[in-house]
Amino acid sequence: MKDIPQEFRVQINLIELSKENVGKERIYGRIAGCLLAYACERSFEQSFGGLVSLMPKTKLIDHSCSEYGFRRFGRELALDYEESLTRIQTYRS
């Protein structure tokens with residue numbers, strides 16, 4: 001995760017789950033959502049208004065949009081103010 005103050009956003013460089021935490025037999029759930037919520041909180045702390053972006057792996061674009069509320073912005077995906085608040089309320093409470 002990296003702050004990009006000149007663009008008022010937090011950039012997630014890499015988010016990946018270990019094999020034992022994927023699928024129905026996973027050990028821990030909600031890991032990715034909790035990590036995203038942390039990035040959203042950081043964006044608000046840095047006065048970036050909740051803007052969080054990432055460059056997804058191609059096969060995860062649809063999943064990131066449907067599961068976590070990301071929207072496409074060119075080659076990147078981003079969460080805006082409202083979606084960031086939703087991620088925080090869903091995964092950090």
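Heavy-atom basis, side chains included; hydrogens, waters and symmetry copies ignored. Quick caveat, the model's predicted, so the values are computed rather than measured.
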A.B. asks: Return a table of donor-acceptor pairs under 3.5 angstrom between the side chains of residues 44-56 and protein atoms on other chains or two or more places apart.
C.D. replies:
residue	atom	partner	partner atom	Å
S53	OG	R9	NH1	2.5
S53	OG	Q11	OE1	2.7
S53	OG	E76	OE1	3.4

A.B. asks: So how far is it from M1 CE to R42 CZ, rounded to the nearest 0.5 Å?
C.D. replies: 6.0 Å
A.B. asks: Is there a path of hydrophobic side-chain contacts, each under 4.5 Å between heavy atoms, that joins F8 and V10?
C.D. replies: yes
A.B. asks: With a 3.5 Å distance limit and no angle check, can you tell me whether S43 reaches the backbone of A39 through a side-chain donor-acceptor pair?
C.D. replies: no
A.B. asks: Distance from R92 atom CZ to C34 atom SG, nearest 0.5 Å?
C.D. replies: 7.0 Å
A.B. asks: To the nearest 0.5 Å, how far apart are CD in E41 and CG in L85?
C.D. replies: 10.5 Å
A.B. asks: Counting distance only, does the side-chain N/O of R87 pair as donor-acceptor with the main-chain N or O of Y68 below 3.5 Å?
C.D. replies: yes
A.B. asks: Would a single hydrophobic cluster contain both L79 and L60, if residues Ile, Leu, Val, Met, Phe, Trp and Tyr are joined by side-chain heavy-atom contacts under 4.5 Å?
C.D. replies: no
A.B. asks: So how far is it from Y91 OH to L35 CG, rounded to the nearest 0.5 Å?
C.D. replies: 11.0 Å
A.B. asks: CG of N13 to NZ of K2: how many Å apart, nearest 0.5 Å?
C.D. replies: 7.0 Å
A.B. asks: Closest heavy-atom contact between L77 and S64?
C.D. replies: CD1-CB, 3.6 Å
A.B. asks: Over all heavy atoms of both residues, which pair between I12 and L36 is shortest? Give the atoms and the distance, please.
C.D. replies: CD1-CD2, 3.4 Å
